[in-house]
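What follows is one structure encoded as structure tokens, with my remarks underneath.
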Amino acid sequence: MPAAQFWQCGARRLTFEHPLVMGILNVTPDSFSDGGEHNRREDAIQWGLKLLLDGADIIDVGGESTRPGAAAVSEAEELDRVVPVVEALAREGAIISVDTSRAAVMRESVKAGASILNDVRGFEQAGALEAAAETDAGLVVMHGWEAASSDREMVGEGSLVESVELYLRARQDLLESRGVARSRICWDPGFGFGKTHRQNFEL
């Protein structure tokens, strides 16, 4: 497969002439990466603006923690957390990624100005594949907790590289079968999600 030259994210075409930096903005009280420091809407917006000033190319907004054992969040709560922040940052010209697995959040986020949909569950939840295909957003397909758990039942502590690639390629094939251009799809091997230290380094 030839190396990709760009990533098409809605009207944005991101080239790979230099590394792209994604700033993480978790609008949750129980984030594993920032401890919920940006849970209030205004705090989240201000942090997103700071990330832009500090040089972030993309702001990734998440309204549901993906750490193990995190409390479940309703669809309504996730929408309330995410959409106003996306709207505010999009008005500032930011390239916004939204970390979600829910079809409704995907659709509403793109309407609010998001250019990228980032799904730690590989667009496997009900309606997610269809919602992603309906948009023109860039798509991040991840090998997350569930996929890693399934693969480790087969390989144990062995190499996950082949099974991760097979999983991501299968998800890509499904997206392409629904009309998604390959130039919109980005693979994420899910470093740290359900892998051992050795598997992480190998990936």
Does any part of the side chain of Leu203, heavy atoms only, come nearer than 4.5 Å to the side chain of Val161, both counted from C-beta?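 Sidechains of Leu203 and Val161: in contact.
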Which heavy-atom pair separates [X] from [Y] by the least distance, and what is that distance?
X      : Y      : value
Ala126 : Ala103 : O-CB, 4.1 Å
Thr28  : Gly62  : CG2-O, 3.8 Å
Arg121 : Ser101 : NH1-OG, 2.9 Å
Ala137 : Val110 : CB-CG2, 4.1 Å
Cys9   : Leu14  : SG-CD1, 4.0 Å

By side chain to side chain contact (heavy atoms under 4.5 Å, CB included) - contacts of [X] (at least two apart):
X      : value
Lys50  : Trp47, Asp54
Ser97  : Met22, Ile58, Asp60, Ile116, Asn118
Leu168 : Val141, His143, Val164, Trp187
Asp57  : His18, Leu20, Val21

Nearest 0.5 Å, please: how far is [atom2] in [Y] from [atom1] in [X]?
X      : Y      : atom1 : atom2 : result
Arg169 : Leu174 : CZ    : CG    : 13.5 Å
Phe191 : Met142 : CZ    : CE    : 11.0 Å
Leu139 : Gln8   : CG    : CD    : 11.5 Å
Arg12  : Ile96  : CZ    : CD1   : 8.5 Å

NZ/NE/NH1/NH2 to OD/OE distance under 4.0 Å, Arg184 and Asp136: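 The answer is no: the pair does not qualify as a salt bridge.
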Under 4.0 Å between a side-chain nitrogen and a carboxylate oxygen: does that hold for Glu78 and Arg81?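 Looking at Arg81 together with Glu78, the answer is no, because their closest N to O distance does not fall below 4.0 Å.
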Set of residues satisfying salt bridge (charged side-chain N to carboxylate O under 4.0 Å, His left out) with respect to [X], sequence neighbours excluded:
X      : result
Asp173 : none
Arg178 : Glu130
Arg107 : Glu134
Arg171 : none

For [X], side chain to side chain donor-acceptor pair (under 3.5 Å) partners two or more places apart:
X      : answer
Gln125 : none
Glu92  : none
Glu176 : Gln172, Arg182
Glu75  : none

Test side-chain contact (heavy atoms from CB on, under 4.5 Å) on Arg41 and Asp80 and set out the steps. CA-CA 9 Å; Arg41 184 175 299 167; Asp80 186 60; 3.1 Å; yes
Mark yes or no for whether Lys195, through its side chain, and Phe193, through its backbone, hold a donor-acceptor pair below 3.5 Å.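 Judged by distance alone, yes, a pair lies under 3.5 Å.
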